[in-house]
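A note on names: the letters A, B, ... follow the listed sequences, proteins ahead of strands, and every chain is numbered from 1.
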4 protein chains.
Amino acid sequence: MVRKKKPEKYKSIIDAAVKVFAREGFHNAKIQDIAKEAGIAHGTVYIYFDSKDALLISVFEEKLGELIDYVKSEIEKIESPEEKIRRLISLQVEIMKENPNLTELMLVEFPQTGRFLDCSAMDRVGEYIELITDILKQGVSKGIFDSDIDSDMLATIIYAGIYGLATRWILEKRDSPAKEMVDGIANMFLNGIKS
Amino acid sequence: MVRKKKPEKYKSIIDAAVKVFAREGFHNAKIQDIAKEAGIAHGTVYIYFDSKDALLISVFEEKLGELIDYVKSEIEKIESPEEKIRRLISLQVEIMKENPNLTELMLVEFPQTGRFLDCSAMDRVGEYIELITDILKQGVSKGIFDSDIDSDMLATIIYAGIYGLATRWILEKRDSPAKEMVDGIANMFLNGIKS
Amino acid sequence: MVRKKKPEKYKSIIDAAVKVFAREGFHNAKIQDIAKEAGIAHGTVYIYFDSKDALLISVFEEKLGELIDYVKSEIEKIESPEEKIRRLISLQVEIMKENPNLTELMLVEFPQTGRFLDCSAMDRVGEYIELITDILKQGVSKGIFDSDIDSDMLATIIYAGIYGLATRWILEKRDSPAKEMVDGIANMFLNGIKS
Amino acid sequence: MVRKKKPEKYKSIIDAAVKVFAREGFHNAKIQDIAKEAGIAHGTVYIYFDSKDALLISVFEEKLGELIDYVKSEIEKIESPEEKIRRLISLQVEIMKENPNLTELMLVEFPQTGRFLDCSAMDRVGEYIELITDILKQGVSKGIFDSDIDSDMLATIIYAGIYGLATRWILEKRDSPAKEMVDGIANMFLNGIKS
DNA sequence: AATGAATGAGCTTTCATTCAT
DNA sequence: TATGAATGAAAGCTCATTCAT
């Protein structure tokens with residue numbers, strides 16, 4: 001039997017990269033470390049990825065895609081725009097709790113290193129904001145949200161709020177991002193826009 | 001606080017570093033480039049700073065301190081908590097517009113690189129959030145803001161919102177952060193918390 | 001000489017190696033490329049050859065041997081020493097035209113890389129010069145060539161001339177090595193030595 | 001006093017490179033070795049040369065230029081075309097004896113590695129052949145050389161002969177390239193073309 | 001204080017070679 | 001035999017830092 005290039009190894013390198021990039025930062029991370037984390041020889045990394053940069057891009061694309069798809073699928077199950085917003089925020093926080101390394105990478109490393117890379121992952125962020133915009137528009141058309149709001153702008157603000165909150169949480173290594181904080185941010189946003 | 005007045009060259013290196021770190025990112029920035037930007041030989045940098053890391057820390061401390069002091073002094077001139085919040089947000093945006101390099105550095109490089117540095121600059125951020133907390137508390141005690149709010153948490157959310165908004169603005173290289181957006185974010189926050 | 005008949009795949013690897021070594025140079029050539037050229041997996045190369053070096057040596061020995069045997073057999077058919085020299089030169093040029101890759105390898109790669117290899121192929125070159133020496137000696141003993149000439153030295157010069165001419169031809173990627181040039185070099189050599 | 005980038009160091013790296021490239025071959029030569037040979041740190045090489053390739057190109061250009069200029073200046077002192085040819089050959093042999101490393105590099109490494117480099121040194125070779133062509137043309141116009149000869153072609157043959165002879169000499173590590181051989185090759189060429 | 005040539009640790013990347021299948 | 005994923009030694013190159021001037 002002829003073995004195929006194992007996709008599990010691809011995944012395991014991505015996962016190792018998430019850990020090491022998050023722990024060390026992209027520039028301080030050594031391919032050697034990632035390989036060690038994945039339990040393989042460092043040369044093997046180059047069978048699956050063209051370069052360290054390419055690995056980072058793949059990490060972003062794979063993981064960001066996964067997350068956004070997950071959030072989308074969860075949001076679709078919900079009818080009420082208000083609940084969608086609450087769910088969006090709590091989902092984000094859940095994800096943060098369960099994938100602190102990945103979150104750290106996305107929030108801290110992606111903006112810094114990603115901007116020098118020619119990378120489609122940036123577009124996924126736009127996609128995510130569109131998701132929020134759509135929810136807001138639904139809410140407006142249903143008369144739940146104030147019709148004065150600029151959905152695009154507000155979507156950005158909400159995204160930014162979650163993003164910024166998460167960043168602070170990450171940077172301060174808080175143990176629990178507090179259910180209260182989720183509700184707090186959700187309430188504030190919703191109070192601010194409800195008609 | 002006593003601060004020895006720094007020589008001109010010290011300042012010019014800091015300013016050059018702000019530009020180059022923002023342009024290239026900390027890791028890609030070369031001491032050589034910073035020296036060139038400052039119009040000096042690269043060896044000279046080491047007369048004023050112990051290392052590249054130390055230079056980055058000094059940049060953060062000097063500049064972040066300046067900014068926070070400026071914001072504080074502006075806020076103090078205002079009486080109304082609501083207006084203080086509005087002013088805070090618009091100041092932040094003003095600063096962003098006038099110091100895009102510095103803003104970029106603070107928002108994008110500081111979180112990434114700063115966390116590996118043993119650095120007092122982090123504390124200044126806390127100071128800034130306290131500033132917001134104090135405003136909120138004033139508003140609550142004056143009956144302007146809802147007494148249910150958790151000032152600490154909300155301060156973090158507001159800081160995070162501004163931070164996140166700014167980050168997106170930076171990353172998307174928007175030409176104008178839109179007066180509307182400033183009002184939008186201020187209104188939403190204030191609507192959400194006003195009693 | 002006893003040579004075990006080599007399997008087809010052995011030959012095909014040698015031929016692929018000639019192409020790839022000539023095209024890329026020995027050091028730039030990858031075993032992978034040679035395998036691809038031969039239509040096999042790169043691991044298979046190591047079933048037939050111990051190492052990349054060994055493959056190069058085999059290429060030299062196989063191909064140089066073939067060529068020298070061919071030239072010898074052609075020369076033997078001719079009686080006149082003068083004609084033998086002319087034939088020798090024109091044969092060399094013919095071979096060059098028909099096997100540009102191999103010629104390039106022999107002329108350009110062999111001297112450079114070959115000298116680091118412990119390799120019997122060098123001896124075949126000596127054999128080739130002896131062939132020329134013998135022709136010259138025959139010519140002298142028949143009174144056709146000047147008896148003053150030092151056959152060994154002259155053989156080297158003639159070999160060198162052909163070699164050098166060919167090298168220039170190779171390096172300049174000339175399309176036609178010009179019948180005239182063959183006659184020119186032959187005439188000059190012969191005029192110079194005829195008694 | 002401000003030190004300038006020392007040109008002696010540039011020269012010493014070139015000279016070290018000549019030795020090491022000749023000894024090891026370009027691909028086997030390590031920058032480390034060249035630096036050691038020059039008595040400097042390996043990083044220093046990169047102050048003077050952009051890359052290993054660039055170093056090789058510089059070696060070719062510097063040294064080949066020097067040699068050709070030297071030969072030209074010597075040839076100009078001589079009146080008789082016949083003597084010019086003799087001098088040319090003996091000069092080449094002299095140079096070979098005095099600079100065996102450089103000769104080896106020029107003859108063995110240049111054709112092999114040089115062809116992959118975008119390099120003006122190739123042109124200098126053409127210049128050298130033109131020098132021979134001009135001598136031949138002078139001889140023809142003075143009635144010393146046979147008017148039937150094709151100067152261009154013959155120049156190439158003579159160059160090739162010297163080149164090829166030198167190559168064999170190099171490869172066989174002969175101790176003395178024998179005054180006789182110089183005369184032999186000169187005589188043969190001249191007998192072959194004299195009118 | 002200022003300069004910039006020199007240093008060398010350390011990293012990414014390549015690819016010949018191995019070996020489990 | 002044949003395969004090709006995996007290995008890891010080895011080398012080019014960078015750039016923060018030093019220090020003689």
Side-chain angles (χ1 to χ4, degrees), chain A residues 1-10 13 27-36 38-55, chain B residues 7 9-10 26-36 38-55, chain C residues 7 9 26-36 38-55, chain D residues 1-6 8-10 13 27-36 38-55:
Chain A
M1 188 202 59
V2 180
R3 269 180 306 165
K4 286 274 106 184
K5 216 188 289 183
K6 294 185 194 159
E8 320 93 67
K9 196 153 284 185
Y10 176 91
I13 295 170
H27 278 101
N28 293 318
K30 285 162 254 165
I31 290 290
Q32 187 74 256
D33 295 339
I34 294 168
K36 195 180 292 172
I40 57 174
H42 67 275
T44 306
V45 173
Y46 288 88
I47 298 174
Y48 293 88
F49 304 92
D50 285 342
S51 65
K52 194 184 172 185
D53 277 9
L55 173 56
Chain B
K9 203 156 283 186
Y10 176 93
F26 176 72
H27 276 101
N28 293 319
K30 291 162 225 160
I31 290 289
Q32 187 76 257
D33 295 339
I34 294 167
K36 194 182 290 171
I40 57 173
H42 65 274
T44 306
V45 173
Y46 287 86
I47 296 170
Y48 295 90
F49 302 91
D50 285 343
S51 67
K52 193 184 173 189
D53 279 6
L55 173 56
Chain C
K9 203 158 278 187
F26 176 71
H27 276 100
N28 293 319
K30 290 163 227 157
I31 290 289
Q32 186 76 257
D33 295 340
I34 293 169
K36 194 181 292 172
I40 57 173
H42 64 276
T44 307
V45 172
Y46 288 86
I47 296 170
Y48 295 89
F49 302 91
D50 285 343
S51 67
K52 193 183 175 188
D53 279 6
L55 172 56
Chain D
M1 187 201 59
V2 180
R3 270 179 305 166
K4 286 275 104 183
K5 218 189 286 183
K6 294 184 193 160
E8 321 93 66
K9 195 152 284 185
Y10 177 90
I13 295 170
H27 278 99
N28 293 318
K30 286 163 254 168
I31 290 290
Q32 188 73 257
D33 295 339
I34 293 169
K36 195 179 292 173
I40 58 174
H42 68 272
T44 306
V45 173
Y46 289 89
I47 298 174
Y48 293 89
F49 303 91
D50 285 342
S51 66
K52 194 185 173 187
D53 277 8
L55 173 56

For [X], which contact category applies under a 4.0 Å heavy-atom criterion: base, sugar-phosphate, or nothing?
{"X": "C/Ala29", "result": "sugar-phosphate"}
{"X": "D/Ile31", "result": "sugar-phosphate"}
{"X": "B/Phe49", "result": "nothing"}

Quick one: closest heavy-atom pair of [X] and [Y], and the distance?
{"X": "C/His27", "Y": "D/Asn28", "answer": "NE2-OD1, 3.5 Å"}
{"X": "B/Phe49", "Y": "B/Ala54", "answer": "CD2-O, 4.5 Å"}
{"X": "C/Thr44", "Y": "C/Lys9", "answer": "CG2-CD, 4.2 Å"}
{"X": "C/Ile34", "Y": "C/Leu55", "answer": "CD1-CD2, 4.0 Å"}

Whichever of D/Ser51 and C/Ile40 has its nearest DNA chain F nucleotide further upstream toward 5':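 By nearest-heavy-atom nucleotide position, the 5'-most residue is C/Ile40.
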First of A/Ala41 and B/His27 reached from the 5' end of DNA chain F, by closest nucleotide: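 Its nucleotide being nearer the 5' end, the pick is A/Ala41.
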Counting only side-chain heavy atoms from C-beta out, which of [options] sits nearest to [X]?
{"X": "B/Lys30", "options": "E/dT7, F/dC15, E/dT13", "answer": "F/dC15"}
{"X": "C/Tyr48", "options": "F/dT1, F/dG12, E/dT7", "answer": "F/dT1"}
{"X": "D/Lys52", "options": "F/dC13, E/dA5, E/dA1", "answer": "F/dC13"}

Nearest-Å distance for atom pair [atom1]/[atom2], residues [X] and [N]:
{"X": "A/Gln32", "N": "F/dA10", "atom1": "CD", "atom2": "P", "answer": "15 Å"}
{"X": "C/Asp53", "N": "E/dC15", "atom1": "CG", "atom2": "P", "answer": "16 Å"}
{"X": "A/Tyr10", "N": "F/dA6", "atom1": "OH", "atom2": "C1'", "answer": "19 Å"}
{"X": "D/Lys36", "N": "E/dT7", "atom1": "NZ", "atom2": "C1'", "answer": "15 Å"}
{"X": "C/Ile47", "N": "E/dC19", "atom1": "CD1", "atom2": "C1'", "answer": "11 Å"}

Closest-nucleotide ordering on DNA chain E, the 5'-leading residue of B/Val45 and D/Gly39: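 It is B/Val45 whose nearest nucleotide is closer to the 5' end.
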Heavy-atom side-chain contact between B/Asp53 and B/Phe26 under 4.5 Å: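 They are in side-chain contact.
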Any D/Val45 side-chain heavy atom under 4.5 Å of D/Lys52 side chain: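 Counting from C-beta outward, D/Val45 and D/Lys52 never come under 4.5 Å.
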Paired stretches of DNA chain E - 3 or more consecutive Watson-Crick or G-U pairs, each distance under 3.5 Å: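 In DNA chain E, stems of three or more pairs: E:2-21 with F:2-21.
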From OH (B/Tyr46) to NE2 (B/His42), nearest 0.5 Å: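 So the OH of B/Tyr46 and the NE2 of B/His42 are separated by 8.0 Å.
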Heavy atoms from other residues, nucleotides or ligands near CG of D/Asp50 exceed 12 (cutoff 6.0 Å):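 No, because the 6.0 Å sphere around CG of D/Asp50 holds 12 heavy atoms or fewer from other groups.
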Pair of N/O donor and acceptor under 3.5 Å linking F/dA9 base with A/His42 side chain: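 Result: at least one qualifying N/O pair found.
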Please state whether the phosphate of [N], meaning OP1 or OP2, lies under 4.0 angstrom from any side-chain nitrogen or oxygen of [X].
{"X": "A/Lys9", "N": "F/dA6", "answer": "yes"}
{"X": "D/Tyr46", "N": "E/dG8", "answer": "no"}
{"X": "D/Thr44", "N": "E/dT7", "answer": "yes"}

